[in-house]
Amino acid sequence: MASISYDLFVIGGGINGCGIARDAVGRGLKVGLCEKDDLAAHTSSASTKLIHGGLRYLEQYEFGLVRKSLLEREVLLHAAPHIIWPLTFVLPHHRGLRPAWMLRAGLKLYDLLGGRSSLPRSRAVNLDQEPFAGQLDPQFKRGFAYSDCWVEDARLVVLNAIDARERGADILTRTRCTGLERDDKCWRIELTPADGEPFVVESRVLVNAAGPWVGEIARRYGEDEKLPGVRLVKGSHIVVPKLYEGEHAWLFQNDDGRVVFAIPYEGDYTLIGTTEVQTGSPEDDSPISDDEEAYLCRLIGQYFNCRLSPEQIIWRYSGVRPLYDDNTHSASKVTRDYVLELDTAGAPVLSVYGGKLTTYRKLAEQVLARLEPLAPAMGPAWTDQAALPGGEFAFDAFEHELQRIQARYPFLPAELARRLFRAYGTRIERVLGNAETLDDLGRDFGAGLFEAELRYLVAQEFASGAEDVLWRRSKLGLHMTADQRQQVADWFAADSVETSSHATTDASA
């Protein structure tokens, strides 16, 4: 017997699934969501971590996608200014590739498509002058600067899930969908927790937002042959010791038509990516290949006034992107736009194909618009004016708000205060509570991670293991020794009963 009935149930705890759940519950629907692993455990935490229009998509004539993305960039910047902030990109002119006039024209169009924006417009720059002087090979004399935004991608997913839960949604992490049946009126969904027995829920509408697994979910109810195909493209990134000074990022062209970013990362590092390699399986967890590493290192060596070898790589990560298959030959030219397929041959199911971080909120809004005739009591769209948890301050008031927090907690080292405010925004006081000294925060695991933060992440952010904390909700794993990382894992193992209790309580809230 089904014990819970929903108006809408979402399969998939990536950015699209969590965004849809948040939007739907905010419109008055009873919503559930399941994710077989941790939130953002796959594609959504393996991005280049940008909220951007996609400058290179202009060459593919995807003007609609670029404009939609640039308008969303503005919305998201104001919704989550703690985890999203402006970033300057510098595009050097390579005399052997695109001519300077073409780059300038493309950037002018990029500015125009963005409409009224809080970010500076593009401009020409001299690479022989500060802050760029001496960073690139001397052959690169001129370039262009433009603005987009950086985002903490996994945190963006988690904040959407938190907001959905606090508005009444059930967020079930580490819970697989192991069975699907439907009749004319509802879906019966069998769910199996990682540490529990299967149970069944019912829902009037199903949303298949399983990302790379969207086809696998469709096969479970026998409809995969009627749906579009998915192009699975693996993107890989590398992290190396900091290659240059400054807070700007670089965008490098390659003679194969692709581009690669070099971005300041976690203070001490540079993030480089991405590659694009077609793969046949959503379960492709193979690490970056030697050829991919060589490709990224070679391109960096062509531009920077230094040489980079695979031996210098500190960390690597890869993720499979589920792109809508538009039959484009090149993996790098497959559309990044999304397609929504609604099937009403029985209880309705809407499947999500493609998409990207920047457009997740708009995607969710359009999902609900497609479903509105099936739920006439649904409330209006609302997320375009709503802050995400912790983002209740003006995007240009970060430093002012940080000073307020430092006055409230004067014992915090400046670097720690900044990291915590970047992560939690106005919710930092929920992490720190009434602490008056560092000792009040409990055990120090190193790299500024204290037990108070761990307990907050378990109780409020669905974390249940060291990897959730060190590599998704933060990147503290980069700054810790192997022994320190093990101590965090040991803490979770020792507190497994309490951790499980917190996670269960939050998921059913």
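Residues take their numbers from the sequence shown, with the count starting at 1.
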Residue pair [X] / [Y], side-chain heavy-atom distance below 4.5 Å:
| X | Y | value |
| --- | --- | --- |
| V157 | S45 | no |
| S147 | P86 | no |
| R73 | H52 | no |
| Y265 | T270 | no |
| R422 | R155 | no |
| I189 | L180 | yes |
| L350 | L340 | yes |
| N160 | I15 | yes |

- Query: Yes or no on side-chain contact (heavy atoms from CB on, under 4.5 Å) for K362 and L71, after CA distance, side-chain angles and deciding distance?
  - Reply: CA-CA 10 Å; K362 196 65 178 177; L71 295 178; over 6 Å; no
Would you find a donor on one side and an acceptor on the other, under 3.5 Å apart, between the side chain of [X] and the backbone of [Y]?
| X | Y | answer |
| --- | --- | --- |
| R121 | D111 | yes |
| S117 | L119 | yes |
| R167 | V25 | no |
| D183 | C186 | yes |
| T274 | S236 | yes |
| D37 | H42 | no |
| T173 | D38 | no |
| W187 | P348 | yes |

Is it true that [Y] and [X] share a donor-acceptor pair across their side chains at a distance under 3.5 Å?
| X | Y | value |
| --- | --- | --- |
| D256 | Y295 | yes |
| Y338 | N16 | no |
| R430 | Q460 | no |
| E190 | T178 | yes |

Salt bridge check, [Y] against [X]: does any charged N sit closer than 4.0 Å to a carboxylate O?
| X | Y | answer |
| --- | --- | --- |
| D7 | R27 | no |
| R174 | D468 | yes |
| E152 | K49 | no |
| K36 | E216 | no |
| E74 | R116 | no |

Exercise answer: donor-acceptor pairs, residues 379-388 side-chain atoms, under 3.5 Å, sequence neighbours excluded:
| residue | atom | partner | partner atom | Å |
| --- | --- | --- | --- | --- |
| W382 | NE1 | D23 | O | 3.0 |
| W382 | NE1 | D23 | OD1 | 3.4 |
| T383 | OG1 | R361 | NH1 | 2.9 |

Looking at [atom1] of [X] and [atom2] of [Y], how far apart are the two atoms once the value is rounded to the nearest 0.5 Å?
| X | Y | atom1 | atom2 | answer |
| --- | --- | --- | --- | --- |
| I288 | D290 | CD1 | CG | 9.0 Å |
| I162 | R22 | CD1 | CZ | 11.5 Å |
| T359 | L76 | OG1 | CG | 9.5 Å |
| I51 | L70 | CD1 | CG | 11.5 Å |
| L65 | D337 | CG | CG | 4.5 Å |
| D148 | T358 | CG | OG1 | 8.0 Å |

Check for me whether [X] meets the cation-pi criterion with [Y], that is, NZ or CZ under 6.0 Å from the six-membered ring centre and within 45 degrees of the ring axis.
| X | Y | answer |
| --- | --- | --- |
| R485 | W471 | no |
| K356 | Y57 | no |
| R427 | Y456 | no |

Exercise for review: I would like to know whether S118 and L77 meet side-chain contact (heavy atoms from CB on, under 4.5 Å); could you show each step before the answer?
Suggested key: CA-CA 9 Å; S118 302; L77 176 60; 4.3 Å; yes
Assign the ring pair [X] / [Y] to parallel, tilted or perpendicular, where the plane angle (0 to 90°) is split at 30° and 60°.
| X | Y | answer |
| --- | --- | --- |
| F63 | Y61 | perpendicular |
| H237 | Y317 | parallel |
| F421 | F398 | tilted |
| Y146 | F89 | parallel |

For residues [X] and [Y], report the shortest heavy-atom separation together with the two atoms involved.
| X | Y | value |
| --- | --- | --- |
| A161 | F462 | CB-CE1, 3.9 Å |
| A262 | F252 | CB-CE1, 4.1 Å |
| V352 | V214 | O-CG2, 3.7 Å |
| Y6 | G32 | CD2-N, 3.4 Å |
| C34 | L191 | SG-CD2, 3.8 Å |
| S203 | V205 | OG-O, 2.6 Å |

- Name the one of E461, R419, E453, H82 that satisfies side-chain hydrogen bond (donor to acceptor under 3.5 Å, both in side chains) with Y424?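 That would be E453; it is the only one of E461, R419, E453, H82 passing the side-chain hydrogen bond (donor to acceptor under 3.5 Å, both in side chains) with Y424.
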task: Please test Q253 against L91 for side-chain contact (heavy atoms from CB on, under 4.5 Å), starting from the C-alpha separation and ending with a verdict.
output: CA-CA 8 Å; Q253 307 171 73; L91 172 58; 4.0 Å; yes
Margin query: Set out, in order, the CA-CA distance, both residues' side-chain angles and the distance that settles side-chain contact (heavy atoms from CB on, under 4.5 Å) for R219 and W213, then state yes or no.
Written below: CA-CA 10 Å; R219 281 190 288 276; W213 291 270; over 6 Å; no
Exercise. With ring centroids as reference points, do Y269 and W315 lie under 6.0 angstrom apart?
Worked result: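 Between W315 and Y269, which both carry aromatic rings, the centre distance is not below 6.0 Å.
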